[in-house]
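Start at 1 and go down the list; that is how both ligands and their atoms are numbered. This structure is a prediction, so every number in the text was calculated from the model and none was measured.
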Amino acid sequence: MRQIQMVDLKSQYLKIKDEIHLLFDEILASSSFINGPHVNQFANSLSEYLKVKHVIPCGNGTDALQLALMASDLKPGNEVITTPFTFVSTVEVIALLGLKPVFVDICPDSFNIDANKIEEKISLKTKAIIPVHLFGRPAEMEAVMELAEKYELIVIEDAAQSLGADYTFSNGEQLKTGTIGHMGTTSFFPSKNLGCYGDGGAVMTNDEDLAEKVKSIANHGAERKYIYNRVGINSRLDSLQAAVLLAKLPHLDEYNQSRQRAAKIYEDLLKEVSGIKCPSTSKKGVHIFHQYTLLIENKRDAVKESLSKKGVPTAIYYPLPLHLQNAYAHYGYQKGEFPVAEAFSDKVLSLPMHTELSVEDQKYIAESLISSLQEVGEW
Ligand SMILES: *Cc1c(COP(=O)(O)O)cnc(C)c1O
């Protein structure tokens with residue numbers, strides 16, 4: 001029996017080890033751990049890569065969302081439209097700022113917010129939309145931006161899982177996710193497509209004023225040293241993390257291509273298997289497979305259990321949609337309101353996905369999945 005890993009950060013590290021250690025030595029010798037030159041250097045490299053004017057590094061992806069929302073100058077009670085099928089951060093920051101999350105169900109074939117169902121949720125209190133490019137697949141940004149323009153809404157893209165993914169508009173214009181809305185946010189959590197060796201995040205924007213605001217809010221709301229014009233927070237990317245990201249950014253496209261290759265192999269191995277559904281892709285948004293997430297029609301938990309006994313770890317992103325979480329019960333959402341998100345919570349199963357997956361491992365994973373489906377009587 002093999003023991004497969006869900007993610008393999010170590011093998012990836014070993015390939016860039018020398019460069020990382022050189023940079024770490026440099027920083028340790030200079031002792032400029034906070035706001036050192038590597039932080040700016042990384043922000044500039046990322047803004048060049050993404051073709052976006054401003055990248056403001058910060059402490060993590062959750063802070064990035066909070067900073068973007070704080071820079072949007074919303075008032076308590078304002079409504080922010082988003083998806084109930086995302087990592088909790090997206091909704092947590094809305095709640096923390098006294099705003100109201102207004103959920104829109106997801107598309108059955110993309111796991112992303114259903115753009116056709118947004119307009120009916122827009123009210124006079126709606127001020128912003130946060131689409132999430134879940135699992136690395138770009139959301140329907142063209143439709144989202146059209147609605148935002150029509151109703152004068154701020155769009156903040158949660159690109160924590162999609163850094164590097166391209167989105168093409170119907171006029172042929174191509175942009176990276178996270179640079180399409182008024183602001184975009186991302187996370188450099190170690191297992192993300194571009195991950196550091198601790199916590200990190202960033203806000204992206206082409207808007208000069210928003211960039212200044214985000215920068216100031218991330219630095220306690222300071223206008224200049226010890227002079228504060230607004231309430232802010234303390235959110236920084238540290239120099240060591242910036243160095244890791246500087247070393248890894250030139251490999252991001254290659255990392256994303258490894259994930260896409262692995263996804264294609266999974267698809268070839270699994271597409272004919274009944275009782276499961278492989279993730280679909282679209283021409284408009286390039287899927288960079290932060291996760292490879294299947295739908296298991298029946299007995300998902302039993303399949304997961306059986307796979308684990310075969311040495312194949314899997315994960316459930318996410319087992320309970322956010323509108324049904326106790327923490328957000330006070331918004332009054334009921335079971336049945338977002339049927340696609342609810343049904344998917346019972347069916348999703350993410351297979352091991354990382355840049356170092358071998359074809360042999362993938363074959364073993366696929367064989368194990370098929371025999372697990374047989375064991376639970378679903379194949
Ligand atoms: C990871 C993630 C975040 C939060 O990032 P942290 O760096 O862990 O705070 C936010 N949104 C989504 C969709 C994520 O996947």
Side-chain angles (χ1 to χ4, degrees), residues 6-7 9 42 46 55-70 80-97 101 103-104 106 110-113 128-139 141 144 155-165 177-178 180-181 183-204 214 218 233-238 241-242 244-245 248 256 259 279 285 287-293 315-322 325 327-328 341 344-345 348 350 353-354:
M6 193 68 194
V7 293
L9 297 173
F42 167 66
L46 185 60
V55 169
I56 302 101
C58 65
N60 55 65
T62 309
D63 279 2
L65 283 162
Q66 182 172 343
L67 290 166
L69 271 178
M70 287 175 81
V80 180
I81 288 178
T82 193
T83 159
F85 197 71
T86 173
F87 184 58
V88 67
S89 299
T90 322
V91 173
E92 180 178 74
V93 295
I94 296 172
L96 277 172
L97 295 173
F103 294 117
V104 169
I106 53 172
S110 77
F111 299 105
N112 286 327
I113 193 165
I129 308 180
I130 307 185
V132 181
H133 307 294
L134 202 72
F135 303 147
R137 177 177 169 156
M141 287 310 293
V144 169
V155 176
I156 299 167
E157 297 171 75
D158 184 343
Q161 302 188 3
S162 71
L163 203 69
T177 56
I180 303 166
M183 285 174 277
T185 67
T186 198
S187 163
F188 305 121
F189 185 80
S191 61
K192 298 284 155 92
N193 290 39
L194 179 65
C196 56
Y197 297 162
D199 275 310
V203 178
M204 289 80 74
V214 169
I233 62 174
N234 172 27
S235 188
R236 299 184 281 241
L237 182 72
D238 69 67
Q241 301 311 332
V244 174
L245 294 166
K248 285 175 79 170
N256 285 340
R259 289 170 181 274
H287 199 324
I288 55 164
F289 293 98
H290 174 61
Q291 298 296 342
Y292 191 85
T293 303
I316 297 173
Y317 305 119
Y318 298 94
L320 186 64
L322 296 171
Q325 300 277 356
Y328 304 105
F344 281 18
S345 296
V348 284
S350 298
M353 172 53 84
H354 53 82

Exercise. Quick one: does Arg137's side chain have a donor or acceptor within less than 3.5 Å of a partner on Gly285's backbone?
Worked result: no
All N/O donor-acceptor pairs, side-chain side in residues 156-165, below 3.5 Å, sequence neighbours left out:
{"from": "Glu157", "atom 1": "OE1", "to": "His133", "atom 2": "NE2", "distance (Å)": "2.8"}
{"from": "Glu157", "atom 1": "OE1", "to": "Gly178", "atom 2": "N", "distance (Å)": "2.7"}
{"from": "Glu157", "atom 1": "OE2", "to": "Gly178", "atom 2": "N", "distance (Å)": "3.3"}
{"from": "Glu157", "atom 1": "OE2", "to": "Thr179", "atom 2": "N", "distance (Å)": "3.3"}
{"from": "Glu157", "atom 1": "OE2", "to": "Ile180", "atom 2": "N", "distance (Å)": "2.7"}
{"from": "Glu157", "atom 1": "OE2", "to": "Gly181", "atom 2": "N", "distance (Å)": "2.7"}
{"from": "Asp158", "atom 1": "OD1", "to": "Ala160", "atom 2": "N", "distance (Å)": "3.1"}
{"from": "Asp158", "atom 1": "OD2", "to": "Thr90", "atom 2": "OG1", "distance (Å)": "3.1"}
{"from": "Gln161", "atom 1": "OE1", "to": "Phe135", "atom 2": "N", "distance (Å)": "2.6"}
{"from": "Gln161", "atom 1": "NE2", "to": "Tyr318", "atom 2": "OH", "distance (Å)": "3.0"}
{"from": "Ser162", "atom 1": "OG", "to": "Thr177", "atom 2": "OG1", "distance (Å)": "2.9"}

For this session: State whether the side chain of Thr83 and the backbone N or O of Asn112 hold a donor-acceptor pair below 3.5 Å, judged by distance alone.
Result: no
Exercise. Hey, mind stepping through Gln325 and Val91 against side chain to side chain contact (heavy atoms under 4.5 Å, CB included) and telling me if it holds?
Worked result: CA-CA 11 Å; Gln325 300 277 356; Val91 173; over 6 Å; no
Exercise. Are side-chain heavy atoms of Leu65 and Glu92 found at a separation under 4.5 Å?
Worked result: no
Problem set entry | Check: Phe103 ring centroid to Tyr328 ring centroid under 6.0 Å | no
Between ligand 1 and the protein, which N/O pairs are shorter than 3.5 Å?
{"from": "ligand 1", "atom 1": "5 (O)", "to": "Ser187", "atom 2": "OG", "distance (Å)": "3.3"}
{"from": "ligand 1", "atom 1": "7 (O)", "to": "Gly61", "atom 2": "N", "distance (Å)": "2.7"}
{"from": "ligand 1", "atom 1": "7 (O)", "to": "Ser187", "atom 2": "OG", "distance (Å)": "2.7"}
{"from": "ligand 1", "atom 1": "9 (O)", "to": "Asn60", "atom 2": "OD1", "distance (Å)": "3.4"}
{"from": "ligand 1", "atom 1": "9 (O)", "to": "Gly61", "atom 2": "N", "distance (Å)": "3.3"}
{"from": "ligand 1", "atom 1": "9 (O)", "to": "Thr62", "atom 2": "N", "distance (Å)": "2.8"}
{"from": "ligand 1", "atom 1": "9 (O)", "to": "Thr62", "atom 2": "OG1", "distance (Å)": "2.5"}
{"from": "ligand 1", "atom 1": "11 (N)", "to": "Asp158", "atom 2": "OD1", "distance (Å)": "3.4"}
{"from": "ligand 1", "atom 1": "11 (N)", "to": "Asp158", "atom 2": "OD2", "distance (Å)": "2.8"}
{"from": "ligand 1", "atom 1": "15 (O)", "to": "Gln161", "atom 2": "NE2", "distance (Å)": "2.7"}
{"from": "ligand 1", "atom 1": "15 (O)", "to": "Lys192", "atom 2": "NZ", "distance (Å)": "3.1"}

